[in-house]
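Every chain is numbered from 1, with letters handed out A, B, ... down the list of sequences. Only this structure's heavy atoms are used, side chains among them; waters, hydrogens and symmetry mates stay out.
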2 protein chains.
Amino acid sequence: MARRAKLTDAPAIGLDERKATILEAVVNEHIDTAQPVGSSAIAANADVAVSSATVRSEMVALEREGYLAQPHTSAGRVPTDKGYRYFVDHLEAGVLGVAQQRQLGEFFAHVRGEVEDVLEQTATLLSQLTNYTSVVVGAGHSNATILSVQLVNLDARHHLLVTVFNDGTVTKHSVLANFEASHLDVAEASRQLNALLIGTSLDLTVQVPSRTDVVARLVRESVAVLHAEAPTLEGEQVYIGGSSRVAQVFDGVETVRQVLAILEQELLVVSLVEDVLGQGVSVAIGSEHGFEPLSSCAVIVAPVTLEGESVGAVGLLGPTRMKYREVMAAAEAVSAHLTQHFGGDHGG
Amino acid sequence: MARRAKLTDAPAIGLDERKATILEAVVNEHIDTAQPVGSSAIAANADVAVSSATVRSEMVALEREGYLAQPHTSAGRVPTDKGYRYFVDHLEAGVLGVAQQRQLGEFFAHVRGEVEDVLEQTATLLSQLTNYTSVVVGAGHSNATILSVQLVNLDARHHLLVTVFNDGTVTKHSVLANFEASHLDVAEASRQLNALLIGTSLDLTVQVPSRTDVVARLVRESVAVLHAEAPTLEGEQVYIGGSSRVAQVFDGVETVRQVLAILEQELLVVSLVEDVLGQGVSVAIGSEHGFEPLSSCAVIVAPVTLEGESVGAVGLLGPTRMKYREVMAAAEAVSAHLTQHFGGDHGG
DNA sequence: GGTTAGCACTCGGTAAAATCGAGTGCTAAC
DNA sequence: GTTAGCACTCGATTTTACCGAGTGCTAACC
């Protein structure tokens, strides 16, 4: 899946300056108006110092080369995915509006709490900032090691296995025994589990005692439960902000439904985001990502890193005619803030 | 907020049998077709043994009494909220289709894992079962007491406070110290925290040590963090299933947007559900719940109980013209299954 | 008195027709 | 190479006509 444009199938150099200017103007106009844009609208643009007739002939060329399309004869032009691609690749970085910068600063200055909470709130923030639906993905902890395990008994047969990992995640698992265990048994099992599991990661198999006393059975049961769930635990967390925006920015109930349906499936969302993810802000337009149902969407993704490693991503989902400059700036800014937030001394 | 109809403002007895039959037929027809229904369609109904002319005059009466409305002269009739209310109140309980019953049984026979996971999956199930958007609310644990507290150090200054409650919930909180603490300090703090907090609930204030040694400071800090978060922790969990259905069952992008926007706000959803909640399956139609933006919706809610006490609820959200019989049956069945699931020996 | 066939009337929805105009491509002049 | 001019296209919008589902009313009927 292409992350950045490969312009190799465009004639060598790409586009001469005037064509580029015109293409850019068309894209800008179309993003603004959502309408096919005609040659005269472009000719009126200050950056384009030629008449509409000239613009028209250039448009014919741009259409031939696949950057523009005509919904029908005698209509204006609409950018193709390729057109958007060119536009995005030649977009000089935008900057966030001051109001938004303030909001962002405000948010990260005051946000408190666990990673999960921060990510969730970030999703909402990002959506408010951009007016598009946002996606925030927190990395799974596939290679996290266990810091502490504790077995707590709810009653004689129900126990709760609480596991703390070195990446700060905490999991709980019910351990249901078909025998009764005393507080002391559970405490001892807890002790043994710690001895057994601390420092290991979930993909490691551990030697469990084969004795048949209550404590040993508790230990075995606990380890079994924990490892059985291992695959699930590695899953990334997904937070979606502003899903109602979908109904705002897409037209056509059916499109809205499809997009929402995709968003419901967290696994899909994760793979979509990871697919698009690259260094810096990446964009996938239309069919560039492999998701058919989202072929009328653009996805913008920025990584969140911790000590150089990607630990998550923030993304935005909108129609292909989205406000790339602003949105990319927002994604970048939020990603940077998050990176700093987690890299800094704020714990987590 | 009315949960059940108060028919007091209708003439004493309510409706005579024929009017009731006609009203029922109108509602059924309108639910099926989403169109205003005319007198002849009703007269064709086997249950109505009178001519369309008679039906018409009855309809005039029903309209005068507020059960039906006419979108415009010379159109058919549409049920009002009051009409739906009457319909629902006089609905004999529906039964679930066998396929659905099987699916339900299947699901609860195999579902595993923590309460949270079960509830989330239940939301999806309920949505699949009914083709409407579902809401599952798990009760907050306002009066839960602490079973165990554990302070785990991530590094010298970052610690994680993991708390287990007697209702099986587990919380974690970052404790960030501005001083360094050794493993031993943390272990000792953990021990003291246990001594201090076990058996208490979060609304209780506890006496914390005023000493200034590392351990005491850790303990103080931990208790502070835990109690600071207390209000948040009491919040109910909300799981929403099939939000894409919103785009299917409502018409008008704006309505879809509004409904989605409501669903995004978990607090709103909780209060909505709790507002509607009653004994058994409750229904709020149109403006019966106080939520203006949802005045074109019906909400169906069934409680989930544990040992007689309500510990949550399952709900469904659809247009006022939803398939009440089927959906109420589904809500009831799922609620019953959940109640049994948690009441039974399956742990949680 | 309640019920029903008959009928004139209403009025939104749909289809057909007319119109508009934004936008095009082409050509000829610059 | 650029541009003004112009005939032409074709979707969108408006207009008009029309249809018919449905109504309310009345007079006949049981």
Query - Polar side-chain atom of B:Thr124 near backbone of B:Gly241 as donor-acceptor pair, under 3.5 Å - result: no

**Report entry** Residue A:Val50, side-chain heavy atoms: nucleotide from D:dG11, D:dT3, C:dT24 that is nearest
**Finding:** D:dT3

Query raised in the report: OP1 or OP2 of D:dT3 sitting under 4.0 Å from any side-chain N/O of A:Thr54?
Result: yes

Requested in this report: Quickly work out the A:Leu68 CG to C:dG23 C1' distance and round it to whole Å.
Outcome: 14 Å

Query - Short side-chain N/O contact from A:Arg56 to OP1 or OP2 of D:dT3, under 4.0 Å - result: no

Requested in this report: Could you state the atom-to-atom distance from CD1 of B:Ile22 to C1' of C:dT3 in whole Å?
Outcome: 12 Å

Query raised in the report: For A:Glu63 and C:dG23, what is the distance between atoms CD and P respectively, to the nearest whole Å?
Result: 15 Å

Report summary line: Across every strand shown, the nucleotide meeting Watson-Crick or G-U wobble geometry with D:dG20 (both distances under 3.5 Å) is C:dC11

Report summary line: Exactly one candidate in A:Phe87, A:Tyr84, A:Tyr86 meets ring-ring contact (aromatic ring centres under 6.0 Å, His included) with A:Tyr67; the answer is A:Tyr86

**Report entry** D:dG1 phosphate, OP1 or OP2, under 4.0 Å from A:Arg18 side-chain N/O
**Finding:** no

**Report entry** Atom-pair distance (NE2 on B:His72; C1' on D:dT23), nearest Å
**Finding:** 11 Å

Query raised in the report: Considering every strand shown, what is the Watson-Crick or G-U wobble mate of C:dC26 when both distances are under 3.5 Å?
Result: D:dG5

Report task. Go through the structure and list residues passing salt bridge (Lys or Arg N to Asp or Glu O under 4.0 Å) with A:Arg245, not counting sequence neighbours. Result -> none

Query raised in the report: If we only count heavy atoms from C-beta on, is the B:Tyr324 to B:Val283 side-chain gap below 4.5 Å?
Result: yes

Query raised in the report: Nearest to the side chain of B:Gln70, which nucleotide is it out of C:dG12, C:dG25, D:dT23?
Result: D:dT23

Report task. Give me the residues of residues 30-40 of chain B where at least one heavy atom lies under 4.0 Å from an atom of DNA chain D, by number, or none. Result -> B:Gly38, B:Ser39, B:Ser40

Query raised in the report: If you measure from the Lys or Arg side-chain nitrogens to the Asp or Glu carboxylate oxygens, is any gap between A:Asp89 and A:Arg85 under 4.0 Å?
Result: yes

Report task. In whole angstrom, give the distance that lies between atom CD of A:Glu58 and atom C1' of D:dG1. Result -> 10 Å

Query - Given C:dT24, D:dC10, D:dT23, the nucleotide with the shortest approach to the side chain of A:Met59 - result: C:dT24

Query - For D:dT13, the Watson-Crick or wobble counterpart (both distances under 3.5 Å) - result: C:dA18

Requested in this report: Please determine, for D:dC30, whether a Watson-Crick or G-U wobble partner exists with both distances under 3.5 Å, and give it or none.
Outcome: C:dG1

Query raised in the report: Are A:Arg257 and A:Glu254 close enough for a salt bridge, meaning some N to O gap below 4.0 Å?
Result: yes

Requested in this report: Please tell me if the side chains of A:Ile300 and A:Ser282 come closer than 4.5 Å, counting only heavy atoms from C-beta onward.
Outcome: no

Query raised in the report: Base, sugar-phosphate, or nothing: which does B:Thr73 touch, judged by heavy atoms less than 4.0 Å apart?
Result: sugar-phosphate

Report task. Name the closest nucleotide to the B:Ala53 side chain, picking from C:dT4, D:dG24, D:dT3. Result -> C:dT4

Report task. Determine whether A:Val135 and A:Val238 make a side-chain contact, defined as any pair of heavy atoms from C-beta on separated by less than 4.5 Å. Result -> yes

**Report entry** Rounded interatomic separation in angstrom, taking CZ from A:Arg64 and C1' from C:dG25
**Finding:** 13 Å

Report task. Determine whether any donor atom in the side chain of B:Ser74 lies under 3.5 Å from an acceptor atom in the base of C:dT10, or the reverse, and answer yes or no. Result -> yes

